Amino acid sequence: MAILKSYGVRLRESTPQFPRPNLCDNYKRRNVKWRSPQAAVIPNFHLPMRSFEVKNRTSADDIKSLRLITAIKTPYLPDGRFDLEAYDDLMHMQIENGAEAVIVGGTTGEGQLMSWDEHIMLIGHTVNCFGGSIKVIGNTGSNSTREAIHATEQGFAVGMHAALHINPYYGKTSLDGLISHFDSVLPMGPTIIYNVPSRTGQDIPPRVINNVAQSPNLAGIKECIGNDRIEQYTGNGIVVWSGNDDQCHDARWSHGATGVISVTSNLVPGLMRELMFGGKNPSLNAKLLPLIEWLFQEPNPVGLNTALAQLGVVRPVFRLPYVPLPLEKRVEFVNLVKEIGRENFVGKNDIQVLDDDDFILVGRY
């Protein structure tokens with residue numbers, strides 16, 4: 001018992017003694033006007049996954065010269081996993097028909113339905129198999145700056161030539177926040193900034209672009225606002241790609257756009273190349289407009305997925321929430337192919353109208 005009492009005394013003596021708060025001081029602190037601290041962004045003093053090896057590095061100038069960039073489709077197996085065999089065939093068709101670059105895992109490629117592991121794997125696979133023949137631009141953007149930084153580090157580490165970055169969507173930020181977000185990823189390598197307010201709910205205004213354009217890594221802008229905005233940028237020496245297939249001909253030949261980042265080129269890459277390289281061609285543009293309108297009657301990539309399945313170049317597998325266009329629209333596509341010419345479309349199989357039961361919708365993968 002004496003030992004226990006002695007231990008209790010020592011415990012009390014060893015307990016730290018903190019001064020009692022002065023109630024008067026608390027009152028004073030509560031009545032002092034609160035002032036916001038100066039905001040601070042930790043600079044990127046080191047980028048641990050960045051490499052300065054010269055062998056495979058691509059400069060922003062290499063990206064700025066590209067005319068036709070395809071936002072490549074990601075095909076699936078019946079269980080929802082990537083169908084890399086079909087993907088490789090799509091890539092070969094793009095290269096053979098003159099596409100100069102692909103966007104991997106963009107909206108068209110359904111990056112929003114991929115895990116980051118899938119995303120980086122597909123970028124790495126594309127670089128490994130095709131990086132010597134075509135530029136690989138990885139969509140490593142995110143509405144989380146932390147995720148965008150991490151994915152972009154990984155994308156460049158596996159060899160992508162440039163990154164595509166969206167502005168933070170849904171949880172939108174201020175214009176100063178947009179600048180800080182882009183400034184966090186631009187030091188890593190060549191970058192295309194993507195402005196599509198219809199999806200993000202927020203325009204990236206010229207004030208933001210003019211600010212981040214000071215970075216030597218800004219390759220240019222994928223702009224979906226329209227040709228007036230494109231001309232505003234190109235007049236100031238900023239490279240722009242049209243993000244609207246229906247406006248890309250005029251953007252290229254009348255408003256100074258370098259080219260297009262295209263969905264339609266998944267289907268008719270040769271014709272889209274001619275549209276971007278062959279000079280003004282209003283007759284070809286008019287020929288393609290019905291196809292483009294058909295593709296975008298529902299949110300992309302619903303139309304494209306339906307079309308490629310009917311051309312027989314991918315399995316008719318959809319990751320939900322995407323579902324195929326209804327039967328009457330599938331019939332319309334067959335007629336469009338006949339009007340434009342089956343020889344202008346990817347693949348060699350006969351075009352067919354698929355039944356509803358032919359499609360597989362996958363919710364778990």
Side-chain angles (χ1 to χ4, degrees), residues 60 63-73 94 97-104 106-109 134-135 137 139 141 162-167 190-200 203-206 208-210 213 218-297 299-301 303-304:
I63 303 300
K64 289 178 180 180
S65 64
L66 303 174
R67 299 279 190 257
L68 177 59
I69 303 172
T70 297
I72 193 75
K73 152 73 177 167
Q94 291 299 314
N97 285 280
E100 298 174 291
V102 290
I103 304 290
V104 178
T107 307
T108 305
I134 196 168
K135 297 298 184 188
I137 303 167
N139 171 31
L164 180 74
H165 279 284
I166 198 80
N167 52 309
T191 300
I192 297 173
I193 291 177
Y194 180 17
N195 186 31
V196 55
S198 63
R199 289 188 181 272
T200 64
D203 179 31
I204 306 175
V208 172
I209 298 302
N210 291 334
L218 182 69
I221 314 300
K222 177 184 178 183
E223 183 58 74
C224 295
I225 283 288
N227 288 340
D228 289 341
R229 175 71 66 83
I230 287 175
E231 190 165 348
Q232 183 178 353
Y233 287 140
T234 58
N236 291 326
I238 297 174
V239 171
V240 185
W241 293 271
S242 175
N244 301 323
D245 283 352
D246 60 338
Q247 299 176 357
C248 70
H249 172 268
D250 292 346
R252 170 77 177 96
W253 301 111
S254 301
H255 298 277
T258 294
V260 63
I261 297 178
S262 176
V263 175
T264 309
S265 56
N266 279 277
L267 299 174
V268 285
L271 295 182
M272 291 301 296
R273 180 180 172 86
E274 185 177 345
L275 204 64
M276 291 296 101
F277 282 83
K280 283 189 177 182
N281 194 337
S283 61
L284 176 58
N285 188 51
K287 182 179 181 179
L288 289 172
L289 281 176
L291 173 63
I292 295 170
E293 291 171 1
W294 183 91
L295 272 176
F296 292 96
Q297 60 191 303
N300 181 50
L304 177 64

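As the structure is a computational prediction, the values presented were derived from the model and not from experiment. Position 1 is the first residue of the sequence; numbering continues from there.
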Within the structure provided, determine whether [X] and [Y] are in side-chain contact (heavy-atom separation under 4.5 Å).
X      : Y      : value
Val104 : Asn139 : no
Trp241 : Val260 : no
Asn195 : Lys222 : no
Tyr194 : Ile261 : no
Phe277 : Arg252 : no
Ile103 : Thr70  : no
Asp246 : Glu293 : no
Leu66  : Thr258 : no

State, to 0.1 Å, how close [X] and [Y] come at their nearest heavy-atom pair, and which atoms those are.
X      : Y      : answer
Ile230 : Ala257 : CG2-CB, 4.0 Å
Asn266 : Ala71  : ND2-O, 2.8 Å
Arg229 : Pro205 : NH1-CA, 4.3 Å
Trp253 : Gly278 : CZ2-N, 4.1 Å
Leu284 : Leu271 : CD2-O, 3.7 Å
Thr108 : Pro301 : O-CB, 3.7 Å

[atom1] of [X] to [atom2] of [Y]: how many Å apart, nearest 0.5 Å?
X      : Y      : atom1 : atom2 : answer
Ile238 : Gln232 : CD1   : CD    : 9.0 Å
Ile72  : Ile137 : CD1   : CD1   : 12.0 Å
Leu304 : Thr107 : CG    : OG1   : 12.0 Å
Ser262 : Leu68  : OG    : CG    : 6.5 Å
Leu267 : Lys73  : CG    : NZ    : 11.5 Å
Ile221 : His165 : CD1   : NE2   : 12.0 Å

Any donor-acceptor pair under 3.5 Å linking the side chain of [X] with the backbone of [Y]?
X      : Y      : result
Asn244 : Cys224 : yes
Arg67  : Met276 : no
Thr234 : Glu231 : yes
Asp245 : Thr264 : yes
Gln94  : Ser265 : yes
Asn236 : Tyr233 : no

Run the side-chain contact (heavy atoms from CB on, under 4.5 Å) test on Leu275 and Cys248 for me, step by step, so that the C-alpha distance in whole Å, both residues' side-chain angles and the decisive distance to 0.1 Å come before the verdict.
CA-CA 9 Å; Leu275 204 64; Cys248 70; 4.0 Å; yes

Strictly by modelled atom types, are Ser283 and Asn281 linked by a side-chain donor-acceptor pair under 3.5 Å?
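Short answer, yes.
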
Is it true that the side chains of Ser242 and Gln247 contain a donor and an acceptor less than 3.5 Å apart?
no

Looking at Asp250 and Lys280, is any side-chain nitrogen of the basic one under 4.0 Å from a carboxylate oxygen of the acidic one?
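So Lys280 does not pair with Asp250 through a salt bridge.
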
